[in-house]
Amino acid sequence: RASAAALLFVSSALPGAAGAGLTTCPCINDVYSHSGLEALSNYLDANNNLIYTPAGGSVSYSYPATYGNGACLAHDQGLPPVCSGSSAPSWCSVKWCYVDVNNCEGASVIKTRYFTDVSNLHFSYGTCTSSGTNTYDTWTSEDIAVSRNMITLVEGYARSTRLIMQAAYEKYMSNVTCDVSSRTMCTCSNCYASTTWNNAVSFSETGVLTRDAASSSEQALGKCLSDSVATTYERVAAVEADADFMRVGYQYAADQLSGTYTQWPKMDMCEQQEADYDPRFRPWYAAAATGPKDVIIIVDVSGSMATSGRHVLAKSAVKAILNTLSWKDFATIILFNGAVSAVYSSTLVAVTDNVRSAMSSWCDRQVWQSGGTNFLAPITKAYEIMQRSLSAGTSSMCQRAVMFLTDGVATLEESDLTAIKTKAETYDAIFFTYALGDGADVTLTKRLACDNKGVFYAIPDNGDVAGIMSKYYEYFAHGQEICSASWVRYSGVGTGATLYAGCMAMYDRTDPSADLLGVSCMDINLIADMAEFKESAGWDQFVCTASDITKKCRSVQLTQCHRQKIRLAYSEDSVCTGDDFDTVTADQVCPCVVSDCSDDNDFTDELGYFCDTWVGDDCYNPNPTWGYTEAGLTEVRSKCPASCGICEWSSGSCPKTAAEECPVLTLATECRACLGLTSGVDLEGNAMACPEGSPRNIAPTTTRTTTGVSLAAPLSLSFGTWIVSFMAAVLASAHH
């Protein structure tokens, strides 16, 4: 008999009596009197109903006494808290029954966590069907619709997970305790060595990994959120995983507050625990939490960076930032001292896995502590790179973040600061500035952030530079509620297998701001044999559709009030002051969009661009050389209010008491590359293109290019004069 950690599928297993499971893995006829399971009777009430109380919860649910007992039925269908309502996950309608783990072969078995006093209670979906329960196997592999089916399936699972964890957060906000000691992944009890997974694994359990850096209250909440989703992960795996677990694929989540990591299957992660693994700074997490973005990292490498090992911290910080970026993002690195010391690339590059590795290696080859300090030169270079990237199409066409780290002191004239602000508005660039150490220029670096809608961070010597700088994406997460899954491709730890995950953000719905609560992901490798899927007619369509969903620009809906609260959350010293800025408190309710304001996702403007490419652009007075007619701009404003930033806001505090749940978005039937202009690469790292066999291809065959603009003039005392001619050239040519 196979162990519970690696059950083998026995092809000779035959169905037993109708609805009774396989002959080799029969349903338990009377679970209440079954040896070792008698404690389940303690959960029956006076009316002979089975009472289920979620771990750590105060609300109980009444189930029929026949729940899971004696027959293959869809026992969960219609039952709260997960399987009632229109958003119930697909496993709710799958038949299953309780089985004896010591009398079951030929079907995967999962340990139930519903009734914690019954330690050996197991169930099986596989025993209730001779054809298997995997959803992918029911699709026709030659049908191109398999791509839409896969995305819909994964998004459905991710959405149900999101709803469960959001509800759990609302329930567990007060002090609660959830015992997850049996699920810890360091050490991993009940785990068995698996050569396929190259680790010690328990397929019948969902594991949890907490972070010592989190406070006790944060850890307590993280544990309860983990508990809330563990059963769902196990049930999804029981339905979708192959019976012998030869397909390597994971389900995983992390919460924003504590960084607690939850994963099916449970496995040994002591190495990650010792390295203080923080999932919030991984590409899959940031990819789901924010939309696509351009990031330029500017780092001071002057001689003073040798003080207190600042150069070491700075290099580690750059690598940490890179780890928050994925293939949908574009980035480059600028190092400066008395001038620009080194530049990774003359245009932005898509941060695929290979590019991220190359950028990290490039950092290792640079000199990080030599020379003086000049703020103007690297900022000039940053704008030059933005312009070149737009001209070359090597841009996300979305928001742009400039991350500026220095430990030095420099000067900027008022005309310089004004010109920098003007260009930041032109390029929709947000400045995040970091003053490292006691001698850093605090006044000027803070001014750069406040002038340009960003956040200033003062970091002491030996501070957590990497942790603080890599939190920049939280700014975008505050202003972007993402309702669809984002897709990432990555190499599995240990196995090296190429994995494809759909990841969805979760939000705190208890107040109107919908702050980021965490992220949950599911690998499609768990569902499908990837070699087979990639040979199917639907693969190219899957890549294109998943890429479209992920690459869509998201408008940042933040008012000055929101930005001030983000600054205050770090430090009072980060809050911008002066006549142009309001004073806020931590519990202040900021304005919100009060009307139903959304773009027409199918619309392309008169030049072939989709609504989201207007994010950050002026929909009333765009660059005249782009060639839009007044009628065309009127249509853009009508079809693209969210991307144009013209939604109606409340005049004061948001009148809503809680954030509404995300709508279920309709999946497009055609790829955007077949219908309009797109940029960058797809999920596989290839140029975006209309797949063969698509219903139609009506996308423009050429894109507009920009004329060359000389950016060689120095930013100096004559900067104000130079910027006039520079802006005229840029505004006459910049591609939106």
Side-chain angles (χ1 to χ4, degrees), residues 291-294 330 347-348 383 386-400 421-430 453 548 551-557 593 595 597-649 668 670-680 688 690 696-709 711 723-736:
K293 52 201 166 292
D294 293 348
F330 286 75
T347 61
L348 297 166
Y383 284 128
M386 289 182 198
Q387 192 274 330
R388 285 178 179 166
S389 300
L390 289 169
S391 184
T394 57
S395 166
S396 67
M397 300 295 182
C398 305
Q399 284 85 21
R400 296 173 186 89
K421 181 178 180 180
T422 300
K423 286 198 288 182
E425 292 171 350
T426 300
Y427 288 112
D428 191 28
I430 300 165
K453 298 182 179 180
D548 283 346
K551 287 166 63 70
K552 183 180 177 183
C553 296
R554 322 283 176 167
S555 58
V556 179
Q557 295 186 332
V593 174
S595 60
C597 184
S598 59
D599 295 340
D600 181 343
N601 291 322
D602 297 325
F603 171 73
T604 54
D605 65 30
E606 59 188 318
L607 299 185
Y609 288 93
F610 292 92
C611 275
D612 60 287
T613 62
W614 282 91
V615 169
D617 290 325
D618 188 339
C619 297
Y620 286 91
N621 298 294
N623 184 335
T625 66
W626 289 350
Y628 286 95
T629 64
E630 189 56 44
L633 289 174
T634 299
E635 187 176 27
V636 166
R637 294 191 294 270
S638 172
K639 297 289 187 177
C640 314
S643 292
C644 286
I646 55 176
C647 298
E648 180 186 357
W649 288 77
E670 297 178 84
C671 286
R672 299 179 87 181
C674 302
L675 305 175
L677 295 173
T678 56
S679 66
M688 292 291 291
C690 184
R696 55 181 177 157
N697 186 353
I698 59 173
T701 56
T702 60
T703 60
R704 290 182 284 111
T705 58
T706 61
T707 56
V709 179
L711 300 173
I723 193 62
V724 172
S725 59
F726 168 81
M727 289 306 300
V730 169
L731 290 174
S733 62
H735 186 304
H736 84 84

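Residue numbers run from 1 in the order of the sequence given. Here the structure is a predicted model, which is why all the values come from computation and not from measurement.
- Remark: Asp599 engages Ser643 in a side-chain hydrogen bond (donor to acceptor under 3.5 Å, both in side chains) (not counting sequence neighbours).
- Sulfur-to-sulfur, Cys398 and Cys553 sit under 2.5 Å apart at their SG atoms.
- Per the SG-SG cut-off, Cys597 and Cys647 are bridged by a disulfide [distance under 2.5 Å].
- For the pair Arg672 and Asp548, the tightest heavy-atom approach, listed with the atom from each and the gap, is N-OD2, 2.7 Å.
- With sequence neighbours excluded, the residues satisfying salt bridge (Lys or Arg N to Asp or Glu O under 4.0 Å) with Lys293 are Asp329.
- Taking Ile646 as the reference, Tyr620, Arg637, Pro641, Cys644 meet the side chain to side chain contact (heavy atoms under 4.5 Å, CB included) condition, with sequence neighbours excluded.
- Asp428 pairs by the salt bridge (Lys or Arg N to Asp or Glu O under 4.0 Å) definition with nothing, not counting sequence neighbours.
- Residues passing the salt bridge (Lys or Arg N to Asp or Glu O under 4.0 Å) test with Asp294, sequence neighbours excluded: Arg400.
- Residues passing the side chain to side chain contact (heavy atoms under 4.5 Å, CB included) test with Lys421, sequence neighbours excluded: Glu425, Asp451, Asn452.
- For Glu670, the side-chain hydrogen bond (donor to acceptor under 3.5 Å, both in side chains) partners are Arg696, not counting sequence neighbours.
- At distances below 3.5 Å, not a single donor-acceptor pair connects side-chain atoms of Ser555 with backbone N or O atoms of Gln557.
- Listed by chain and number, the residues in a side-chain hydrogen bond (donor to acceptor under 3.5 Å, both in side chains) with Asp618 amount to none (sequence neighbours excluded).
- Between Trp614 and Pro622, the shortest heavy-atom distance links the atoms CZ3-CB, 4.0 Å.
- Smallest separation of non-hydrogen atoms from Leu677 and Phe610: O-CD1, 4.0 Å.
- Contacts of Thr347 classified as side chain to side chain contact (heavy atoms under 4.5 Å, CB included), with partners at least two apart in sequence or in another chain: Arg388, Ser389, Thr394.
- Residues satisfying the side chain to side chain contact (heavy atoms under 4.5 Å, CB included) test with Asp600, not counting sequence neighbours, are Asp602, Phe603, Lys639.
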